[in-house]
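The next block holds one structure in the form of C-alpha cells; read it before the comments.
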2 protein chains.
Amino acid sequence: MRTLKYAILGLINRNSMTGYDLMKVFNLELVNFWYAKHSQIYPELKKLTDDGLITYETVLLGDKLEKKLYSITQEGRKDFLNWLAKQDQLEPTPKDIFRLKTFFIESMTREEMLKQFYYQLDQRKAKLKKLETSMSQHPYSKEISDIASPEYGDYIVLKGAIMREHTYIDWLKGCIKEIESFTKPHF
Amino acid sequence: MRTLKYAILGLINRNSMTGYDLMKVFNLELVNFWYAKHSQIYPELKKLTDDGLITYETVLLGDKLEKKLYSITQEGRKDFLNWLAKQDQLEPTPKDIFRLKTFFIESMTREEMLKQFYYQLDQRKAKLKKLETSMSQHPYSKEISDIASPEYGDYIVLKGAIMREHTYIDWLKGCIKEIESFTKPHF
DNA sequence: TCGCAACATGTCAATACTTACATGTTGTTT
DNA sequence: AAACAACATGTAAGTATTGACATGTTGCGA
C-alpha cells in the first residue's frame with residue numbers, strides 16, 4: 001500500500017529534512033504507529049526522487065560530511081494530500097504475539113501463565129509511564145492551541161497511544177485476577 | 001521470529017487438521033491477533049514436515065479428493081512449548097495507517113478531518129458489534145468453566161479484542177468532540 | 001589526543017507477506 | 001443437468017521489512 005512512501009512525503013511536507021532526520025522522527029515521534037529502519041528509508045528516498053515527488057540539495061556539515069536535504073515537490077504534495085483524504089477500509093487487526101500466546105494458555109502451567117502476564121504487565125507499565133512523560137512535556141497539553149497546528153496531530157495520537165496502553169494494562173490485570181482466583185487452594 | 005510456525009504448531013497441537021482447516025481458523029478465530037493466507041500456510045506446512053515437527057496422513061474425501069491431515073510430533077510439541085514459555089521483550093507498537101493520517105491532520109480541512117473520523121467510527125462500531133455477538137455466543141461466557149480448558153484462551157483474547165475496540169472508539173469520539181468544538185462558528 | 005557516541009548514507013541477503021496464477025473435487029441449489 | 005459456493009492444495013512474482021555488512025565524519029568528553 002506504499003504507506004512508507006506517504007509517511008515520508010508527509011514528514012518532508014512538514015519540514016525539509018535528511019534521511020537521518022527521517023530515521024530519528026520515525027523511531028521517536030512516529031514510533032507509536034509507524035516506523036522504519038534506515039535500510040528501508042534510503043532506498044525509498046531514492047525512489048521518490050526518481051519519481052519526482054521530492055528533490056534534494058546537498059548540504060555540507062563541517063568540511064567533508066555531505067548530507068542530502070530533501071524537500072517535497074508540487075507533484076509530491078498533490079500525491080500526499082490525495083492519499084490523506086482517501087477513505088480506507090479498516091485494516092486487518094494488528095498482529096500481537098502476546099495475544100497469540102494467551103490464546104494457547106491452556107498449554108501453560110498456572111505458574112507459567114502468571115509469570116508471562118506479570119512480565120508483560122511490568123513492561124507495559126514502563127511503556128505507559130514513558131508515554132505519560134511525553135504527554136506532560138507536550139507543548140499542546142500546556143496551552144490550549146488551535147487544531148490547525150502541527151502539534152495537534154502529535155497530541156491526539158499521543159493521547160490515543162496512552163489510552164491504548166491503559167486498556168492493555170487493564171486487560172492484563174483482569175486476566176491476572178481471574179487466573180489467581182483459580183490458583184488459590186480449594187477447600 | 002517464525003511466529004507463523006508456532007501459531008501453526010499450536011493449532012495442530014490442539015487438534016489434528018488440514019491446511020484448509022488452518023486457513024479457516026486463522027481467518028476466523030485468530031483474526032484478532034494473527035492471520036495468514038493459504039499461500040503462506042501451505043509452504044510453511046511443508047517446511048515443518050521436512051523439519052520433523054509435524055507429520056501428515058492422507059485422508060480421502062469422497063472418491064478422489066485427497067486431503068492431508070497434519071498431527072504434531074513429540075519434537076514439534078517440545079519446540080512449541082519452549083516458545084510458549086519464553087518471555088519476550090515488548091514488540092514494537094503495531095503500525096496503524098489511520099493514526100498515521102491523524103498525525104498529519106493539520107494538512108486536512110475540518111470537513112475532511114470529520115469525514116475521516118466519522119467513517120472510521122462507523123467501521124469500528126460495526127466491528128465491535130461483531131465481536132460482542134461472538135462473545136454472547138461464546139461457550140465460556142455462558143457457564144463458568146475452568147481456566148485449564150481451551151475455551152478459556154479463546155475467551156480472554158476475545159475479551160481483550162472487545163476492550164481494544166472500545167478504546168479505539170472512545171478515542172475517535174474524543175477527537176470528534178474536540179474538532180467539532182473548534183469547528184463551530186466563532187462570534 | 002584518544003576514544004566513543006552521534007551523525008550520515010548506503011547495499012545486500014534473507015524473511016515475511018500479499019496478490020495473482022493454477023487446478024481440480026464435492027455438495028447444494030436452481 | 002448446470003451453476004455456484006465451499007472444499008482442497010499448491011506455485012510464482014512482487015512488495016515490505018529486517019538484520020547484517022560497509023564506510024566515513026563530526027563533536028564531545030576524559
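Any value given below was found using the heavy atoms of this structure, including those in side chains, with hydrogens, waters and symmetry copies removed.
Projected onto DNA chain C by closest heavy-atom contact, B:Lys64 and A:Tyr42 fall at different nucleotides, the more 5' of which corresponds to A:Tyr42. Residue-to-nucleotide proximity on DNA chain D shows that, of A:Lys37 and B:Met23, the 5′-proximal contact is made by B:Met23. A residue-by-residue look at B:Lys47 and B:His38 shows that B:Lys47 has its nearest nucleotide of DNA chain C further toward the 5' end.
Among the atoms of the strands shown, base atoms are found under 4.0 Å from some heavy atom of B:Ser39. B:Tyr35 comes within 4.0 angstrom of the backbone, heavy atoms only, and of no base. B:Lys46 comes within 4.0 angstrom of nothing in the nucleic acid, heavy atoms only. At a threshold of 4.0 angstrom between heavy atoms, the contacts of A:Lys24 are confined to the sugar-phosphate backbone, with no base atom among them. Among the atoms of the strands shown, only primed sugar atoms or phosphate atoms (P, OP1, OP2) are found under 4.0 Å from some heavy atom of A:Met1. Nucleic acid contact for A:Lys95: sugar-phosphate only, since backbone atoms but no base atoms lie under 4.0 Å from a heavy atom of the residue.
A cation-pi arrangement, defined by a distance under 6.0 Å to the six-membered ring centre and an angle within 45 degrees of its axis, is present between B:Lys95 and A:Tyr35.
Rounded to an integer number of Å, the gap from OH of B:Tyr20 to P of D:dG10 is 14 Å. Whole-Å rounding puts the B:Arg2 CZ to D:dG19 P distance at 15 Å. D:dT26 atom P lies 10 Å from atom CD of A:Glu66, rounded to whole Å. Here the C1' atom of nucleotide D:dT11 and the CG atom of B:Leu45 are 15 Å apart, to the nearest Å.
Under the 4.5 Å side-chain criterion, counting only non-hydrogen atoms from C-beta, A:Ser16 is not in contact with A:Tyr56. Put simply, the side chain of B:Leu4 reaches to within 4.5 Å of the side chain of B:Phe26, judged on heavy atoms.
In summary, B:Arg110 and A:Asp146 engage in a salt bridge, as defined by a charged side-chain N under 4.0 Å from a carboxylate O. Between B:Lys5 and B:Asp79 there is a salt bridge, since at least one side-chain N of the basic residue sits less than 4.0 Å from a carboxylate O of the acidic one. The residues B:Lys67 and B:Glu57 are annotated as not salt-bridged, no charged nitrogen and carboxylate oxygen being separated by less than 4.0 angstrom.
At least one donor-acceptor pair under 3.5 Å links the side chain of A:Asp96 to the backbone N or O of A:Phe98.
First and last contacting nucleotides of DNA chain C toward chain A (any atom under 4.0 angstrom from a heavy atom, 5' to 3' order): C:dA6 to C:dC17.
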